[in-house]
Amino acid sequence: MKKLAFLSVFLFLLSCATNPFTGKKTLAFVSNDQLFPTAFAQYDQFLTENKVVTGTSKADMIKRVGERIAVAAERWLDANGKQGYLKDYKWEYNLVDDPAINAWCMPGGKIVFYTGILDVAQNETAIAAIMGHEVAHALANHGQQRMSAGYIQQGLAVAGNIAIKDDKSRQQFNQYYGVGSNVLGMLPFSRAHENESDKIGIYLMAIAGYNPDEAAELWKRMGAKSSGKAPPEFLSTHPSSETRVKNLQAEAARAKTEAQKFGVNSYRPLGNF
């Protein structure tokens with residue numbers, strides 16, 4: 001048992017990466033060399049199956065903001081001894097005609113904004129807050145971590161089913177493990193990623209020249225839009241809007257201080273549209 005425990009710890013350490021923003025070890029059972037090509041192919045397929053908006057001022061804005069945030073990320077990484085960190089990233093930003101209030105980023109930097117989120121954003125600075133958040137997911141390898149955590153969740157389920165010999169007890173284990181591992185494990189894990197991306201994202205938007213105060217204002221509007229529809233925070237993959245507003249307000253001053261290190265002392269106009 002001691003040898004097995006040592007082997008488990010050894011394999012765990014071999015399967016870790018380092019978050020460039022926090023310095024913390026993160027799960028990495030699947031390497032980016034494997035993950036990125038798959039993500040890129042899935043992204044390309046998604047674009048062929050959905051209506052991509054091109055040649056409009058809003059579509060151009062999405063690309064412009066994305067490029068500015070990516071430059072800010074590279075500047076921050078280079079300044080903090082992480083030169084070359086982005087060499088395998090292939091940034092791409094597309095606006096898709098869909099009423100969903102959503103945006104997402106795949107591993108390696110493939111980003112989609114749905115048109116439905118534009119009405120809530122209301123201005124280019126809010127788009128930068130969303131973009132910073134999505135870029136942060138890619139930089140921190142959250143997709144890699146979620147996949148790795150899923151493997152652990154599945155592995156423990158298999159181990160439990162092997163260890164429990166009684167059919168009734170195995171059935172009860174599966175019932176409670178499914179709910180418990182989600183509520184106590186996977187959901188808090190996901191919320192932690194969202195909070196981390198909010199924090200990294202607000203720094204990136206500030207370094208890119210966008211006022212970080214607008215991030216909290218965006219989430220006030222998001223909260224008003226989803227009032228009465230969102231599940232309790234402990235049953236959600238995302239923090240509540242109230243939590244996000246509070247956290248972003250607390251981070252805004254620090255983001256401004258960080259941006260000053262890169263020569264940013266004033267911010268672009270909101271850019272209402």
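Numbers here simply count residues along the sequence, with the first being 1. Just so it is clear, the model here is predicted, and its values are computed rather than measured. All values below come from the heavy atoms of this structure, side chains included, with hydrogens, waters and symmetry mates left out.
With salt bridges taken as basic N to acidic carboxylate O contacts below 4.0 Å, none links D98 and K51. Using a cutoff of 4.0 Å between basic side-chain nitrogens and carboxylate oxygens, E124 and R68 are scored as salt-bridged. A salt bridge links E251 to R254: at least one charged side-chain nitrogen sits closer than 4.0 Å to a carboxylate oxygen. The residues K63 and E92 are annotated as not salt-bridged, no charged nitrogen and carboxylate oxygen being separated by less than 4.0 angstrom. No salt bridge links E196 with K199; every basic N to acidic carboxylate O contact stays at or beyond 4.0 Å.
For the pair R268 and Y210, the cation sits on the ring face: its NZ or CZ lies under 6.0 Å from the ring centre, inside 45° of the axis.
Within the 4.5 Å cutoff, no side-chain heavy atoms of H238 are placed close to those of R191. Between N102 and I117, the closest side-chain pair of non-hydrogen atoms is not below 4.5 Å. At least one side-chain heavy atom of Q122 sits under 4.5 Å from a side-chain heavy atom of R221. Looking at heavy atoms from C-beta onward, L95 lies in side-chain contact with T115 at the 4.5 angstrom threshold. Taking 4.5 Å as the limit, every side-chain heavy atom of K110 sits out of range of all side-chain heavy atoms of Q42. For the pair M222 and R244, the minimum side-chain heavy-atom distance is 4.5 Å or more. Inter-residue side-chain proximity for I101 and Y114 is flagged as unmet; no heavy-atom pair is nearer than 4.5 Å. For the pair D213/E217, no side-chain contact is recorded, criterion being any heavy-atom separation below 4.5 Å from C-beta on.
Listed for the N211 side chain is no donor-acceptor partner under 3.5 Å among the backbone atoms of E214. Although no hydrogens or angles enter the test, the distance criterion places a donor-acceptor pair under 3.5 Å between the side chain of R170 and the main chain of K165. Remark: the backbone N or O of G66 is paired with a side-chain donor or acceptor of Y93 at under 3.5 angstrom. Checking side-chain atoms of Y267 against main-chain N and O of A208 turns up no donor-acceptor pair under 3.5 Å. A donor-acceptor pair is defined here as one N or O able to donate and one able to accept, closer than 3.5 Å; such a pair exists between the side chain of T125 and the backbone of L270. A donor-acceptor pair is defined here as one N or O able to donate and one able to accept, closer than 3.5 Å; such a pair exists between the side chain of D166 and the backbone of S169. Judged by distance alone, with hydrogens and angles left aside, the side-chain atoms of E49 form no donor-acceptor pair with the main-chain N or O of F46 at under 3.5 Å.
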Step by step, would you call I130 with V65 a side-chain contact (heavy atoms from CB on, under 4.5 Å)?
-> CA-CA 10 Å; I130 300 167; V65 173; over 6 Å; no
Verify side-chain contact (heavy atoms from CB on, under 4.5 Å) between K82 and D78, making sure each step is shown before the conclusion.
-> CA-CA 5 Å; K82 304 295 181 182; D78 287 351; over 6 Å; no
Residues W76, E258; criterion side-chain hydrogen bond (donor to acceptor under 3.5 Å, both in side chains); working and verdict | CA-CA 9 Å; W76 190 95; E258 187 68 18; 3.1 Å; yes
Verify side-chain hydrogen bond (donor to acceptor under 3.5 Å, both in side chains) between Q34 and S31, making sure each step is shown before the conclusion.
-> CA-CA 5 Å; Q34 298 171 287; S31 71; 3.3 Å; yes
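Considering every non-hydrogen atom in both A72 and I207, the closest pair reads CB-CG2, 3.8 Å. Nearest heavy-atom pair, D97 versus V53, reported as atom, atom and distance to 0.1 Å: N-CG2, 3.8 Å. The minimum heavy-atom distance linking I69 with G132 is given by the pair CG2-CA, 3.9 Å. Taking both residues in full, the closest heavy atoms of F273 and A121 are given as CZ-CB, 4.4 Å, listed atom of the first, atom of the second, then distance. Taking each heavy atom of A255 and A206 in turn, the nearest pair found is O-CB, 3.7 Å. Between A128 and M205, the shortest heavy-atom distance links the atoms O-CB, 3.9 Å.
Hydrophobic cluster membership differs between I127 and V264, with clusters built from Ile, Leu, Val, Met, Phe, Trp and Tyr side chains linked at under 4.5 angstrom. Hydrophobic cluster membership is shared by F262 and I200, with clusters built from Ile, Leu, Val, Met, Phe, Trp and Tyr side chains linked at under 4.5 angstrom. By the rule that hydrophobic residues join a cluster once side-chain heavy atoms approach within less than 4.5 Å of another member, V96 and M61 end up as members of separate clusters. Connection of Y85 to V135 is established within a shared hydrophobic cluster, with ILVMFWY side chains joined at heavy-atom distances below 4.5 Å, either directly or through further cluster members. Under a hydrophobic clustering in which Ile, Leu, Val, Met, Phe, Trp and Tyr are joined whenever their side-chain heavy atoms come within less than 4.5 Å, directly or via other members, V52 and Y43 fall into the same cluster.
The 12-atom threshold is not exceeded at CD of Q171, counting heavy atoms of other residues, nucleotides or ligands nearer than 6.0 Å.
The closest side-chain donor-acceptor pair between H137 and S197 falls under 3.5 angstrom.
To the nearest 0.5 Å, atoms CG (N141) and CG (N19) are separated by 8.0 Å. Atom OG1 of residue T243 and atom CG of residue D198 lie 10.5 Å apart, to the nearest 0.5 angstrom. With rounding to the nearest 0.5 Å, the separation of CG in L77 from CG in L204 is 8.0 Å. One finds the CD atom of E134 at 12.5 Å from the CE atom of M106 (value rounded to the nearest 0.5 Å). Going from atom CG of N247 over to atom CD of E242 covers 11.5 Å, rounded to the nearest 0.5 Å. The CH2 atom of W219 sits 9.0 Å away from the CG atom of L248 when rounded to the nearest 0.5 Å.
Classification of the F40-F36 ring pair by plane angle, with boundaries at 30° and 60°, yields tilted.
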